[in-house]
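All of these numbers come straight from a predicted model, not from anything done at the bench. In what follows, chains carry the letters A, B, and so on, assigned in the order in which the sequence lines appear, proteins first and then strands, with residues in each chain numbered from 1.
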2 protein chains.
Amino acid sequence: MTSSNKPALPVIRRLPKYYRYLINMQQAGKKNVSSSELSRIMGTTASQVRQDFNSFGGFGQQGIGYKVDTLVTEIRHLLFGDGQPLPTILIGAGRLGTAVSQFLVRDANGYSLLAAFDNNPELVGKTLGGIPIRHVDELRSFCSQYHPQVAVLCLPREGATQLSSTLVEMGVKGFWNFSHYDLSVDYPQVMVENVHLGDSLMSLGYHMRNL
Amino acid sequence: MTSSNKPALPVIRRLPKYYRYLINMQQAGKKNVSSSELSRIMGTTASQVRQDFNSFGGFGQQGIGYKVDTLVTEIRHLLFGDGQPLPTILIGAGRLGTAVSQFLVRDANGYSLLAAFDNNPELVGKTLGGIPIRHVDELRSFCSQYHPQVAVLCLPREGATQLSSTLVEMGVKGFWNFSHYDLSVDYPQVMVENVHLGDSLMSLGYHMRNL
DNA sequence: ACATCTTTGACAAACATTTGACAAATATGG
DNA sequence: CCATATTTGTCAAATGTTTGTCAAAGATGT
């Protein structure tokens, strides 16, 4: 019997990794994969793989394993919903913003980058890999017209708080925050993903010195 | 009695966040902080804060709370050891590499960036915020002379695997890997921190569509 | 058709983490 | 000096996650 509860948080955090490996397999023409094979690649146990997949619906055939295509489709659906990309804007077109926008356009699924904003007049009017850079003053009018749902924040700490309130007010539902500070908004309907490069670096340092 | 076991992994993952907030407090001149106050800021429970701090030594005074300075010192020691920065090199001086190097030099503690490498002759000879860009051909000779311990990989997938073997051979003990693929080395003494921007983005998307 | 091998799905046991509760220590105000 | 507030450290209970086990289903080779 297939469980129909929502997958637990640890499972969700593993989904992107499954997805990456499964896409690789799909591209390599692999049709089926067993939990034990996946577990070896993922560095976990076969038991966990099976339990993970069962938490969002039991496909997989005894004696054969799981169909790569089915898994890809299912996980893609979980991660990206109906496939409608989320309209996204980027704020802060400095070095980090440039790198992030490139990533968004070239390597990320499920998001469509509509525009970038900066308050530096020298940048305004240029493009970021095809995306026009506008002045932040145009933010409100842009939002009322195009209703972006996701905002990527690549600006210094100072600007971020104030700007995020404005954006929430304008209907933004998700933040991907690269500012060096923890953005937290009080509206329960708004999701924030704080990216702290420093955290993973500190983690690396800790493990290097203690393992 | 102060426990002297190593802190559990979840605790370690929280340390950078504690550290950030505590540094803020220190700069604001705050002397003491209670577990409940910290828990409110961190979004957890006071109980967890106390248990976390106890896992790496019980300081903190009943009736008062914890001394901010002591906490900062202790956590810094855990994260950065004796304060000796880890000699670091960066490979791949493209957009991402540029942004990451900037971050490393300006915003990260505990690492000193010695050099950057790229295979694009147009970049070689230029600098990355004061750090010279060299050709990857010089990598081996550079390593034998300067013995970097950490390598930051900002290059496309293809190059990464082969390069990492060379680097391990040359004595690199830690990788901060931004390639879009999971680097895994077989030497137990070598730490790898894979940074997948895409994962946090997929996570955001999932939560936006399912919450 | 049969025996054997592979593999899933389910469940329970083992393990890990978080939370709640409370005694003991310190501070504060009268 | 005493009563009351705060706050830690610790322990046990509650909760959450991972792992091991095994019957049943399907595949494979003879």
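With both pairing distances under 3.5 Å, C/dT26 is matched to nothing as a Watson-Crick or G-U wobble pair. The nucleotide D/dA5 finds no pairing partner, because no Watson-Crick or G-U wobble arrangement with both distances shorter than 3.5 Å includes it.
As rounded to whole Å, 10 Å separates atom P of D/dT17 from atom CD1 of A/Ile12. D/dT8 atom C1' lies 12 Å from atom CG of B/Leu71, rounded to whole Å. Per the geometry, CZ belonging to B/Phe56 stands 14 Å off P belonging to D/dT10, to the nearest Å. Here D/dT17 presents its P atom at 15 Å from CG of B/Leu9, a figure rounded to the nearest Å. Here the C1' atom of nucleotide C/dT6 and the OH atom of A/Tyr66 are 13 Å apart, to the nearest Å. If you take CZ of A/Phe59 and C1' of D/dA25, they are 18 Å apart, rounded to a whole angstrom. At whole-Å resolution of the value, CD in A/Glu37 and P in C/dT7 are 9 Å apart. Put simply, CD on A/Gln62 is 4 Å from C1' on C/dT8, counting in whole angstrom units.
Electrostatic pairing of A/Lys30 and A/Glu37 counts as a salt bridge here, judged by a charged N lying under 4.0 Å from a carboxylate O. Salt-bridge annotation for B/Arg13 and A/Asp199: absent, with no side-chain N of the basic residue lying under 4.0 Å from a carboxylate O of the acidic one. Using a 4.0 Å cut-off between charged side-chain N and carboxylate O, A/Asp118 and A/Arg134 make no salt bridge.
Looking at every heavy atom in both residues, B/Ile89 comes nearest to B/Pro148 through CG2-CB, 3.7 Å. Between B/Ala151 and B/Ile91, the closest heavy-atom pair is CB-CD1, 4.5 Å.
Mapping B/Ile64 and A/Pro10 onto DNA chain D by nearest heavy atom places B/Ile64 closer to the 5' end of the strand.
Residue-level contact check: A/Phe53 touches neither bases nor backbone, having no heavy atom under 4.0 Å from any strand.
The aromatic rings of B/Phe103 and B/Trp176 are tilted relative to each other, their planes meeting at an angle between 30° and 60°.
Judged purely by distance below 3.5 Å, without hydrogens or angles, the side chains of B/Glu193 and B/Asn177 never pair a donor atom with an acceptor atom.
An OP1 or OP2 oxygen of C/dT18 is reached within less than 4.0 angstrom by a side-chain nitrogen or oxygen of B/Arg14. Taking only side-chain nitrogens and oxygens, A/Ser35 comes nearer than 4.0 Å to OP1 or OP2 of C/dT8. Checking the phosphate oxygens (OP1, OP2) of D/dT10, a side-chain nitrogen or oxygen of B/Asn54 falls inside 4.0 Å.
Because its glycosidic torsion is within 90° of 0, D/dA5 is reported here as syn.
For DNA chain D, the residues of residues 40-51 of chain B within the heavy-atom distance limit of 4.0 Å (strictly under) are B/Arg50, B/Gln51, sorted by number.
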